[in-house]
Amino acid sequence: MNDSLLFLIPLLPLFCAVINLLFGMRLPRLFAEVMAVTGVAGAFALTLLFWGHAEGDGSRAVLFTWLNSGTVDISFALNFDRLAAPMTLMVTGVATLIHLYAVGYMHEDDDYARFFALLNLFVFAMLAIVLADNLLVLFLGWEGVGLCSYGLIGFWYRKLENAKAGTKAFLVTRVGDVFLGIALLWLFALTGTLSINAINAQAAAISPGVVIVLSLLLLLGACGKSAQVPLMTWLADAMAGPTPVSALIHAATMVTAGVYLLCRFFPLVSLSAVAMTAITAIGAVTAIYAATCAMAQREIKRVLAYSTMSQVGYMFMAVGAGTVAGAMFHLLTHAFFKALLFMAAGCVIHLAGDENDIFKMGGLARRGPVELFWAFLAGAVCLAGLPLTGGFFSKDGILLALFTHPDPLYRVFWLIGVVTALLTAFYTFRLVYLVFAGDYRGTGHPHALPLLMRWPLWPLALLGLAGGLFNLPVFVGGGEALHHWYGTMAGREVAASHDVEWMLIGLAAAIAAAGWLAAHWRYRGYRPPLENPVSRFLLSGWQADALVDRLFVRPFTSMARFCSAGCDRALLDGTLDGLARLVSSWGRMLVQLTTGRLTTYLSAFAWGFLVLLGWFLLKLVNGGGH
Amino acid sequence: MMIPFGHALAFAAALFILGLTCVLLRRQILMILIGVEIMLNAASLVFVAASAYWRQVDGQVFVILLMAITAAEVAVALAMVVYLWRRKRTLVADEFNGMHG
Amino acid sequence: MNDLLISLVLILVKLGLILGVVLTMAAYLVLAERKILGRMQLRYGPNRIGPGGMLQPLCDVIKLLTKEDFVPGRADKWIFLFAPGLTALAALLSFAVVPFSPPLALFGREIPMVVCDLNIGLLYIFGLSSLAVYGVVLGGWASNSKYSLLGAMRGLAQLVSYELALGLALVPVVMSAKSFSLNAIVMAQADWPNLLRHPLAFIIFMISITAESKRTPFDMPEAENEIVAGYHTEYSGMRFGLFFVGEYINLVVIGAMTTVFFLGGWHGPFLPPVVWFILKVLFVAFLFIWARGSMPRPRYDQLMHFGWKVLIPLALLNVVVSGAISLAMNS
Amino acid sequence: MTTALFYILGIILLAATLMCITRRNPVHAVIYLVAGFFALALMFYLLGAPLVAAWEVIVYAGAIMVLFLFIIMMLGLAPQEVPEGPGWQRWLPLALLSASLMACTLLLILEDPAAGQKVGGFYLAPQALGEALFGRYAMAVEMVSFQLLFATIGAYLLGRPLPKGEDQ
């Protein structure tokens, strides 16, 4: 296989997206669907074929020169290395399953061509981020996923709230993008290159103060895409989009782009202890914040959205603790089980007759196909971190890394992680009990579940449950395959005595069990939602929207009002209006000259000619004719 | 035939003044147009005389082009005359002052 | 001085000769037309005066001369009076540039058989034909009569429209002769006449020259069953006669033009050149009389549509194609 | 002899034009103008421009003036009474302009040695003019022909019947 064929991986989805965009509505529906799935599945197959190219230093492919101006020479290049390969495989693999699911999910929607085109385009943009060799390609993908996410969240744009949710996601992530943009330009100004590998190689030469600022800028950019505090408010609202979108974009891929970005720039970011601490702190705050919010949510997808934020917070903590492999491990397992949970949630909503509120569900284990319950449960135990599941091992690895960090401050983060794990187990089983146990409390009529919505759950369930096997810690007899794969890119070596490791594993298992038991005690029988200030506070996500409104939107609005009324209207408009009035009064005087009569104009013309002629005559007399 | 160049110019100037007089004094649009034609012909006379004076072909070429342009101008102008007549049933130029300020 | 005198005398002689021949031909064309039309309509035509009616034109002239020269009350007198003369004059002046024979060697001099071999002869004829328009237009307008004015305006629109096609039809002729001089055009047809070289141009020329001369089927300006007699409704006596004679002089002019431009002028075997020339002119005149005897009159708007939408585009196309062909032949 | 002819033609030209611009009846004005153009055409011929002379007759007398006549007749224009006597505002610029124009010309003729030089004996064959027109000035010819095309379209658009209600 030729390296340059790497391009087929991102270009295949792009090609299908373009075809669907241009001709989708004119082609048979089946054709559009098959092509969309084929595009992504083809990319998946190609990734498998190219797997070997990622070993060592990876392989690089240049498609064409994008910009060439002076010393700047930017080519459209892809870099398929050890960090990118598993991510690519995950993105294409999960996306293939979600595309299949989407075919079933969207089978009653008439606007399928736009949907699949956007979905494919999203996969292309995500692959551009993952495979980017330089910052420009990365930024292209970065903005591309934002655009596709905007289009997909507001897919049913005829409902105002959906369109608003799309706009909100777009704008909030844009705040992060601005910081990322600044960071990228600054990096370019410092190093004179846009190649990520070259920048990482030169990172040590950058002065430490600048590194801190750069890392914080990158962190803020990552926060925007990954919905971390303080740019987290968009993700919960983004659940307005179709469920496959939630599964693909808001669980498996796009929200992890921030983590991936930090991993990409790990050699740069890890130079600064302050930045690393900040990353961990943001991850920890987000993890506990989202976990508390999730405990009070009533809509099934919002619970999952907050849990996503919480889990991505774990990944940030892992990066902050220095273990790229740990972060990527959790990223991968999380992608599997969270996509599974979202897709299963989509099935649940179908069964409940388009009802989102978990307090109006119940008893769905008996109402629906039994395998749905088992699939959902598989995802739930992974999320809750019950021992031996994939989620358990990946989360445990992160907690271990935090615990063993030399800085004592990280013990606090570890504690937050542990508490979050407890909360996670609790709200996960709260969800399971409320949805599947007891009697049915809703009024909706179940929709039929297409086959295509059911069977993509199984591979994901398998991967989620057994995902830990890829990276079993050494002390339980595993090979830590992922750590070995990443090699020099894996980050800090997490070393601890076996006693500590066993102790932590035991603690994690106990916590998961405790969470389950608490949920069992609280929700075994149905209890109506609490109506106290605390739960309202948590339900609204700590009033984050109101806070943003107070802190940013209102001051900005009043400033804008001042600019508009004070500066613009009074000062500028006043001055200009005055000038205009002056000019127009002169104009009115001049207007008297335009009588509209041809003869007036002609004689005016004659006078003008006379002046010219007089001047000529004068010159003739003075100059003697020459 | 030998005449001073200036005499040809003098004839042209006189012709031009006559055309100008027509344009400035007559009030009927058609007569104003006729005045324009007279002035154009005065210009043609200068061109032809200059062409003969310098023994160059260019002056005559310009007269030919001038004629073509005049034909275009007259076509549009007369179409407008007909249009104006249909609007107001008169061709007195000062009746059409709808464009006054 | 001697030379100048001789050439002056020669020009005068040529002028007199041409005037005599042309006027006689015009007069007898009237008779010929009446007789041929008579035959076509299965009657005799004039046959009472002279042998076979040969003196009829003379009598007509006498009759017209002795009639009252009537001027309508509210007519524009001066224009009314001089308009018919303009028509006849323009037609007569056209002959100044028509070559009717190769140069004649006489008393050791080369005498060109043309009054004046202008090198812009073709344009000269055009200028005169555009002058002839004024006779019709001013005559019709000055009569201050509804039918006259209608006839005048019809004539004007028709003449202006068809003059374009006429001019365009002659462009290929000029291209193959590389000159505006009629003599040169005739010389260029020594091998074969332009009729064979530019058949489409010939057809366009014939149609537009028919319209130009206001002859049937394009006689709308004087269509007697629509607008009485068109622009000469109010004319009587010799002024009507001038219009009338002018029309037949015009017929001779057309014959001469057709002969010069398309039929090869005086070129022809066996017979002397002058005889060939006159024969060809008479043949063309006969064609026109024939057309008058056998063709219906189209509607006026059809006439204009045909002129602008068929004839002129066709003529333009013909110019382009002929130009391309002659370019290809030369290179 | 031809020199005298040139001056005679010039005087005819000026006289005819003067008559033209003073006629109240537009038809008379056009007739005088055509006569003037004939004189002008002959002047062109004398100045060595036979082709221009022919075109002067064909285009100006044969087409443009005929169009004027056609419009006059179609609209049935009666001799127009002059609405009001020309005031000094109308005469003044004209008088000044004419005076200074004539002054310029006279100065040129008197002062400039070039103006005193003789013109004549020049004859431009039609072929040379055609070669210049379609050789060096081919682009100008194209531009002018486009202008003619646009003028035709413009005239056609202006000549369409008025929409109902716009007619007064």
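Below, read A as the first sequence line, B as the second, and so on, with proteins coming before strands; counting in each chain starts at 1. This one's a predicted model, so the numbers in the text were calculated from it and none came from an experiment.
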Most chain D-contacting option - heavy-atom pairs closer than 4.5 Å, from C:Leu128, C:Val137, C:Leu164: C:Val137
Determine the minimum heavy-atom distance between D:Ala54 and C:Ile120, stating which atoms define it.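 Nearest heavy atoms, D:Ala54 then C:Ile120: CB-CD1, 3.8 Å.
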Decide yes or no on side chain to side chain contact (heavy atoms under 4.5 Å, CB included) for D:Val27 and C:Leu138, but give the supporting numbers first. CA-CA 9 Å; D:Val27 175; C:Leu138 293 177; 4.0 Å; yes
Segment of C:Phe126 engaging chain D (4.5 angstrom heavy-atom cut-off): both
Cross-chain donor-acceptor list, chain C x chain D, under 3.5 angstrom:
from     : atom 1 : to       : atom 2 : distance (Å)
C:Asp76  : OD1    : D:His28  : NE2    : 3.3
C:Asp76  : OD2    : D:His28  : NE2    : 2.5
C:Asn119 : OD1    : D:Tyr123 : OH     : 3.0
C:Asn119 : ND2    : D:Tyr123 : OH     : 2.8
C:Tyr134 : OH     : D:Ala61  : O      : 2.4

Working to the nearest 0.5 angstrom, can you tell me the gap between D:Leu51 CG and C:Leu123 CG?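 One gets 6.0 Å once the value is rounded to the nearest 0.5 Å.
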Distance from C:Met153 atom CE to D:Ile72 atom CD1, nearest 0.5 Å? 11.0 Å
Where does D:Ile31 contact chain C at under 4.5 Å (heavy atoms): side chain, backbone, both or neither? side chain
So which part of D:Val34 gets closer than 4.5 Å to some heavy atom of chain C, the side chain, the backbone, both or neither?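 Just the side chain, heavy atoms under 4.5 Å.
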Compare all side-chain heavy atoms of C:Leu156 with those of D:Leu67 and state whether any distance is below 4.5 angstrom. no
Show me the pairs that pass side-chain hydrogen bond (donor to acceptor under 3.5 Å, both in side chains) and involve residues 310-319 of chain C, at least two apart or across chains.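 Matches after skipping sequence neighbours: C:Asn318-C:Ser322.
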